[in-house]
Chemist: 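To start, I am sharing the structure in question, which I have written as structure tokens.
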Amino acid sequence: QVQLVESGGGLVQAGGSLRLSCAASRFTFSAYAMGWFRQVPGKEREFVASIRWNTGTTYYADPVKGRFTISRDNAKNTVSLQMNSLKPEDTAVYYCAAGVRQIGNVYTSDYWGQGTQVTVSS
């Protein structure tokens with residue numbers, strides 16, 4: 001059974017930085033596109049960033065381009081999200097995802113972590 005465990009969330013002031021990490025196990029990590037999504041109460045989960053399993057090509061949602069950086073370590077089965085210049089609107093529960101794919105204009109994923117809270121104060 002796929003296991004994704006996020007860490008690194010917390011409270012930070014606007015303009016600050018956080019680094020989220022996701023430890024993956026029980027599947028062939030190197031063969032899956034990995035990514036991050038986020039969700040605020042009352043809204044649908046939204047795509048943040050993803051990284052392909054083979055080329056390492058990265059994709060970002062427009063609101064985070066230039067501020068967030070996704071990376072992966074296939075040897076350690078981890079995926080990270082470096083978040084800089086954080087804004088209050090980045091406040092959400094962030095979910096690690098495995099098997100990320102795009103269907104039309106929508107991103108989805110096969111597997112999800114439990115989520116980690118990120119709160120950015122103004």
Side-chain angles (χ1 to χ4, degrees):
Q1 187 171 355
V2 170
Q3 191 167 38
L4 301 169
V5 179
E6 302 97 337
S7 61
L11 174 64
V12 64
Q13 287 189 333
S17 299
L18 279 176
R19 185 177 180 86
L20 304 183
S21 295
C22 174
S25 60
R26 303 180 184 177
F27 68 104
T28 307
F29 177 83
S30 59
Y32 279 73
M34 299 296 296
W36 293 90
F37 290 69
R38 65 188 183 186
Q39 188 171 23
V40 297
K43 292 189 176 182
E44 291 189 357
R45 193 171 298 185
E46 66 174 9
F47 171 77
V48 175
S50 66
I51 183 166
R52 299 186 73 168
W53 66 272
N54 49 357
T55 63
T57 303
T58 56
Y59 304 87
Y60 297 94
D62 285 343
V64 308
K65 282 181 181 177
R67 300 187 298 121
F68 290 11
T69 303
I70 188 172
S71 60
R72 66 187 295 161
D73 187 333
N74 287 342
K76 296 182 178 179
N77 285 8
T78 59
V79 60
S80 299
L81 185 68
Q82 178 66 42
M83 305 185 295
N84 299 327
S85 302
L86 283 161
K87 304 175 181 180
E89 51 263 43
D90 294 318
T91 295
V93 177
Y94 283 71
Y95 295 90
C96 178
V100 178
R101 60 189 183 279
Q102 186 178 9
I103 303 175
N105 293 326
V106 178
Y107 282 87
T108 186
S109 188
D110 294 326
Y111 305 104
W112 304 93
Q114 295 293 326
T116 185
Q117 177 70 46
V118 171
T119 303
V120 184
S121 63
S122 57

Chemist: Check Tyr111, Tyr107, Tyr59, Trp53 against Val100 for a side-chain contact (heavy atoms from CB on, under 4.5 Å) and give me the one that passes.
Modeler: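 Going through Tyr111, Tyr107, Tyr59, Trp53 one by one, the side-chain contact (heavy atoms from CB on, under 4.5 Å) with Val100 is satisfied by Tyr107 alone.
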
Chemist: Might you point out which heavy atoms bring Met83 and Leu86 nearest each other, and give the distance in Å?
Modeler: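 Looking at all heavy atoms of both residues, the shortest contact is CB-CD2, 3.8 Å.
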
Chemist: Do Ile70 and Val79 have side chains that get closer than 4.5 Å, going by heavy atoms?
Modeler: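 The answer is yes, as the side chains (C-beta and beyond) meet within the 4.5 Å cut-off.
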
Chemist: Measuring only between side-chain heavy atoms, which start at C-beta, is Thr108 closer than 4.5 Å to Phe47?
Modeler: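 The answer is no, as the side chains (C-beta and beyond) never meet within the 4.5 Å cut-off.
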
Chemist: Can you tell which of Tyr94, Trp112, Tyr95 makes a ring pair (Phe, Tyr, Trp, His ring centres under 6.0 Å) with Phe37?
Modeler: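 Of all the options given, the one that passes is Trp112.
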
Chemist: Please identify each residue that fulfils salt bridge (Lys or Arg N to Asp or Glu O under 4.0 Å) with Lys65, with sequence neighbours left out.
Modeler: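 Counting only residues at least two positions away or on another chain, Lys65 forms a salt bridge (Lys or Arg N to Asp or Glu O under 4.0 Å) with Asp62.
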
Chemist: I'd like a table of donor-acceptor pairs (distance under 3.5 Å, sequence neighbours excluded) in which one partner is a side-chain atom from residues 14-36, with atom names and distances.
Modeler:
residue: Ser17; atom: OG; partner: Asn84; partner atom: OD1; Å: 2.9
residue: Arg19; atom: NH1; partner: Gln82; partner atom: OE1; Å: 3.2
residue: Ser25; atom: OG; partner: Gln3; partner atom: OE1; Å: 3.3

Chemist: Which atom pair, heavy atoms only, marks the closest approach of Thr91 to Gln117?
Modeler: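 Scanning both residues completely, I find the closest heavy atoms to be CG2-NE2, 4.0 Å.
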
Chemist: Taking the side chain as everything from C-beta on, heavy atoms only, tell me whether Glu44 gets closer than 4.5 Å to Val106.
Modeler: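 SC-SC contact between Glu44 and Val106 ruled out.
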
Chemist: In this structure, are over 12 heavy atoms from other groups packed under 6.0 Å from Gln114 atom CD?
Modeler: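 No, CD of Gln114 has 12 or fewer neighbouring heavy atoms, counting only those of other groups under 6.0 Å.
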
Chemist: Starting at OG1 of Thr57, measure out to CD1 of Ile51 and round the result to the nearest 0.5 Å.
Modeler: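 It comes to 8.0 Å.
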
Chemist: So, do Val118 and Asp90 sit near enough that their side-chain heavy atoms are less than 4.5 Å apart?
Modeler: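 Val118 does not reach Asp90 side chain to side chain.
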
Chemist: To the nearest 0.5 Å, how far apart are OG1 in Thr119 and CG in Leu11?
Modeler: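 It is 6.0 Å, given to the nearest 0.5 Å.
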
Chemist: Decide yes or no for Val93 and Arg45: does some side-chain heavy atom of the first lie under 4.5 Å from some side-chain heavy atom of the second?
Modeler: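 Side-chain contact under 4.5 Å: no.
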
